[in-house]
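Presented below is the structure to which this report refers.
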Amino acid sequence: MRKRSVKMVGATREGDASQDGRAIVTRQLRKEFDDLVAVDDLDLTIGKGTLYGMIGPNGSGKTTTIKMLVGLLKPSSGTAEVLGERIPLKGRISDIGYMPQEMAIYTDLTVSENLQLFGSIYSMGQERLLERQEELLSMVDLSDRGDSLASQLSGGMKHRVSLACAMMHDPEVLFLDEPTVGVDPELRMGFWHHFDDLKARGRTVVITTHYMDEAVRCDIVGMMRQGKLIAEGSPRDLMDRSSTSNLEDAFMAFSKGVAE
Amino acid sequence: MKLKRVTAVARKTLRSLKHDRRTAGFLVLMPLFMIAIFGYTFGGELKDISVYVVNLDEGTVNGSASASMIDELQSRDVLRTLEPSWPDGYAQSVDSVVDNVRNGDAWAVIVFPQNFSSNVESAIDGPADYLSSIQGILWIYIDASNPNIASAIITEVQTTVQRVLLTQYDIASPVLISQDMVYGEDAEFIDFFAPGVMGLAAMMVTFMLSIISFVHERSTGTLDRLLTTPLTEGEIVAGYAVALGVVGLIQSLVILSTAILLFQVQIVGSALLVLLVVFLLGVGNQGLGFLLSSIAKNEFQAVQFMPLILFPSILLAGVFWPLEAVPDLLRPVSNFIPLTYAVEGCRSIMIRGWGLGEVWPEVTVLVCFAAAMLLLSTYGLRRRR
Ligand SMILES: Nc1ncnc2c1ncn2[C@@H]1O[C@H](COP(=O)(O)OP(=O)(O)OP(=O)(O)O)[C@@H](O)[C@H]1O
Ligand SMILES: [Mg+2]
């Protein structure tokens with residue numbers, strides 16, 4: 001009930017984005033910090049069920065874009081819609097999940113308590129909550145560490161807990177800001193299988209990463225530089241257009257303006 | 001506002017305290033430590049208080065009543081009796097001895113006048129209130145700048161004199177000592193400050209926990225994370241308020257039981273009402289900590305706020321001395337400190353046995369304080385988005 005009425009409010013002239021297969025739409029989205037332009041009139045469209053990779057050097061505006069989409073930063077100008085609702089989300093806020101770039105977990109709680117906190121915020125029933133907790137602990141390979149205090153985990157393990165927290169309620173749209181930093185290669189592969197799974201179930205996943213081997217696994221890659229999207233497309237397409245054989249070179253080519 | 005989400009936040013806050021054994025231990029031990037330190041410092045036996053004894057008593061044929069009283073005073077360790085040194089062996093005016101009190105060398109001068117013994121002997125056959133009808137049968141010149149010491153001296157002299165009168169002269173009549181007693185005996189002083197320490201401890205802990213937790217939530221990004229969930233700002237604030245209110249309650253229980261068991265403090269009124277007052281104070285201070293945490297950018301800055309809030313409360317809220325002792329200039333400040341009302345309320349309930357019918361003004365102030373802080377912190381959090 002609540003969701004529907006909010007959808008109507010969020011709907012725009014161009015129609016309800018949630019019904020036309022678009023999960024995220026930004027229009028001239030802009031964020032300035034004093035005289036620094038972090039995100040520069042960004043126009044972005046991400047379809048439902050897409051695994052979208054955002055790449056770009058440090059400070060190119062990836063985190064700022066995500067923070068605006070999840071409602072933590074107010075855009076300086078421009079608009080955006082997530083699941084058809086204009087940001088900041090209200091009605092559909094339970095349908096998004098966000099893993100911040102910094103390791104935002106409660107280190108003075110155990111791993112399970114962290115998961116349970118996020119589960120109970122979404123009013124998950126006890127049974128569902130425990131089931132989900134088990135699932136996610138095994139996904140991040142921490143099944144035997146559920147009762148450890150988060151402060152006693154290694155850095156990579158903490159990142160894994162943080163990822164699991166964002167996924168507790170199995171949201172429709174997941175924003176993952178560098179989810180694989182500090183995670184060992186084997187487990188990273190495991191994560192990507194899981195992301196593929198999510199996609200197969202129609203979930204939309206927005207991931208930022210500095211690993212090109214990960215970016216290649218995305219459906220669509222958006223290349224950002226100085227707050228602007230300099231190129232976007234499937235990895236194959238991007239390499240073809242820039243006549244390169246990997247995304248790193250492709251990025252260099254696009255940022256020098258060589259391609260297109 | 002969904003109750004389930006409020007409890008989720010409250011539970012997580014309490015759980016993290018549970019895991020942090022040192023902090024949890026501190027929460028229980030700090031009030032114990034405070035009450036013990038203050039209890040023994042202010043309420044314990046005072047010893048070796050320097051006083052001069054001037055014995056002008058000429059005695060009677062039967063001997064000297066003052067001599068046996070001085071012996072008795074000296075046999076106990078509360079007072080250290082000093083003999084005035086008379087130059088040339090000549091008894092000078094009492095006033096020159098009192099100079100020792102004026103310049104801080106002694107706390108008091110006890111004067112037995114010339115006719116002390118004869119007064120006592122007349123009392124043996126006299127009416128029961130004979131001694132108490134004589135003005136100035138015994139003089140004490142006292143430095144009352146420290147009410148505890150002053151009252152200890154008077155109590156000591158009074159009880160000693162009466163004991164000697166009773167055992168040696170069989171006189172039960174009270175003696176009139178020309179001195180107004182500001183505070184009662186030791187035990188009564190404990191009764192006076194136990195409610196104060198309780199309020200102070202609850203306030204310190206809720207304020208410190210709140211400001212530190214929130215600065216931490218902000219700096220680690222967990223607060224951001226909570227704000228991207230369906231949790232509303234009000235629910236976050238309410239969850240914390242419940243959790244820290246409970247912490248304040250547990251603390252007060254510890255203090256109350258210590259005060260009762262160790263220091264025989266009496267609670268005349270309702271203990272539940274006392275706890276309600278402390279809970280309101282805790283909730284309000286949680287909100288205050290929350291508000292200030294938005295100004296502090298890191299834990300270090302947060303720590304700097306603590307003395308700013310705590311010092312005036314410790315000094316001006318009537319915790320250790322009555323509000324009447326606060327200088328006029330600072331009295332308006334006292335009226336702005338919520339702890340003032342909590343202490344006053346607890347004191348009235350515990351000592352005077354007042355109920356809600358009498359302490360409603362204090363309770364009302366605290367309810368308003370708590371409500372205002374909660375609303376402001378919710379608003380402050382919302383403005384961030
Ligand atoms: N709160 C802030 N105040 C001022 N400037 C900010 C703030 N947050 C980000 N910036 C600036 O905005 C720009 C974009 O930052 P952002 O965090 O979005 O980059 P990013 O693409 O996520 O980089 P990284 O790969 O290092 O995570 C940077 O120049 C950064 O310094
Ligand atoms: Mg970033």
Side-chain angles (χ1 to χ4, degrees), chain A residues 2 63 66-75 82 87-110 112-126 129 147-152 158 162 165-166 168-169 171 173-175 177, chain B residues 1-27 209-210 212-240 242-244 247 294 298-299 381-385:
Chain A
R2 191 171 67 157
T63 300
I66 290 182
K67 280 193 173 175
M68 285 191 282
L69 292 175
V70 298
L72 288 174
L73 283 175
K74 209 172 151 175
V82 176
I87 58 166
L89 300 188
K90 282 202 158 57
R92 305 224 62 174
I93 199 163
S94 345
D95 298 319
I96 62 163
Y98 168 53
M99 174 189 175
Q101 183 169 3
E102 66 269 28
M103 203 167 36
I105 55 170
Y106 291 95
T107 48
D108 42 11
L109 291 181
T110 65
S112 328
E113 285 168 349
N114 266 289
L115 295 180
Q116 280 161 24
L117 168 66
F118 286 97
S120 49
I121 289 174
Y122 292 96
S123 308
M124 288 168 71
Q126 192 62 22
L129 199 144
D147 292 329
S148 300
L149 275 184
S151 58
Q152 291 164 359
K158 286 182 202 164
S162 176
C165 285
M168 264 310 267
H169 59 300
V173 180
L174 252 180
F175 295 94
D177 204 348
Chain B
M1 176 106 33
K2 260 196 165 175
L3 194 63
K4 195 158 179 226
R5 296 201 290 251
V6 174
T7 47
V9 174
R11 198 170 52 218
K12 90 126 223 316
T13 309
L14 288 173
R15 272 177 168 177
S16 53
L17 280 178
K18 201 182 75 190
H19 288 306
D20 185 352
R21 294 235 177 80
R22 196 167 302 167
T23 300
F26 179 73
L27 292 183
L209 277 183
S210 159
I212 291 286
S213 316
F214 274 109
V215 168
H216 195 68
E217 289 248 11
R218 285 172 206 275
S219 64
T220 56
T222 46
L223 185 61
D224 274 359
R225 192 162 201 164
L226 292 183
L227 289 174
T228 62
T229 69
L231 265 182
T232 64
E233 295 85 351
E235 287 163 351
I236 298 176
V237 171
Y240 260 91
V242 169
L244 294 188
V247 170
S294 58
N298 52 43
E299 273 96 338
L381 201 50
R382 189 163 295 161
R383 220 177 40 138
R384 255 171 54 94
R385 290 209 183 177

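Below, each value reflects all heavy atoms present in this structure, side chains not excepted, and no hydrogens, waters or symmetry copies. Letters go in sequence order (proteins before strands), and every chain restarts at 1.
Heavy-atom minimum distance, Ser123(A) versus Lys2(B): OG-NZ, 3.8 Å. Scanning both residues, Leu149(A) and His19(B), for their nearest heavy atoms gives CD2-CG, 3.6 Å. Of all the heavy atoms in Thr228(B) and Tyr122(A), the pair that sits closest is O-OH, 4.1 Å. The minimum heavy-atom distance linking Ile121(A) with Pro230(B) is given by the pair CG2-CD, 4.0 Å. Of all heavy-atom pairs between Glu102(A) and Gly221(B), the closest is OE2-CA, 3.8 Å.
When heavy atoms are compared at a cutoff of 4.5 Å, Phe118(A) approaches chain B solely by way of its side chain, counted from C-beta outward. Neither the backbone nor the side chain of Glu235(B) comes within contact range of chain A; no heavy atoms are under 4.5 Å apart. For Gln101(A), no part sits under 4.5 Å from any heavy atom of chain B, backbone or side chain.
Under 3.5 Å, the side chains of Arg15(B) and Thr110(A) contain no donor-acceptor pair of N or O atoms.
Rounding to the nearest 0.5 Å places CD1 of Ile93(A) at 6.5 Å from OG1 of Thr229(B). How far CG of Leu17(B) is from CG of Asp108(A): 8.0 Å, rounded to the nearest 0.5 Å. How far CG of Leu72(A) is from CG of Leu223(B): 9.0 Å, rounded to the nearest 0.5 Å. In this structure, CG on Leu227(B) lies 11.0 Å from OH on Tyr98(A), to the nearest 0.5 angstrom.
With a 4.5 Å cut-off on side-chain heavy atoms, Arg11(B) and Leu117(A) do not count as touching. Two residues are said to be in side-chain contact when any heavy atoms from C-beta on lie closer than 4.5 Å; Ser120(A) and Lys12(B) fail this criterion. In this structure, the side chains of Arg225(B) and Ser162(A) come closer than 4.5 Å at one or more pairs of heavy atoms.
Under the side-chain hydrogen bond (donor to acceptor under 3.5 Å, both in side chains) criterion, Ser151(A) pairs with no residue, sequence neighbours left out.
Interface check for chain B: of the options Cys165(A), Gly119(A), Pro171(A), the most heavy-atom pairs under 4.5 Å are formed by Cys165(A).
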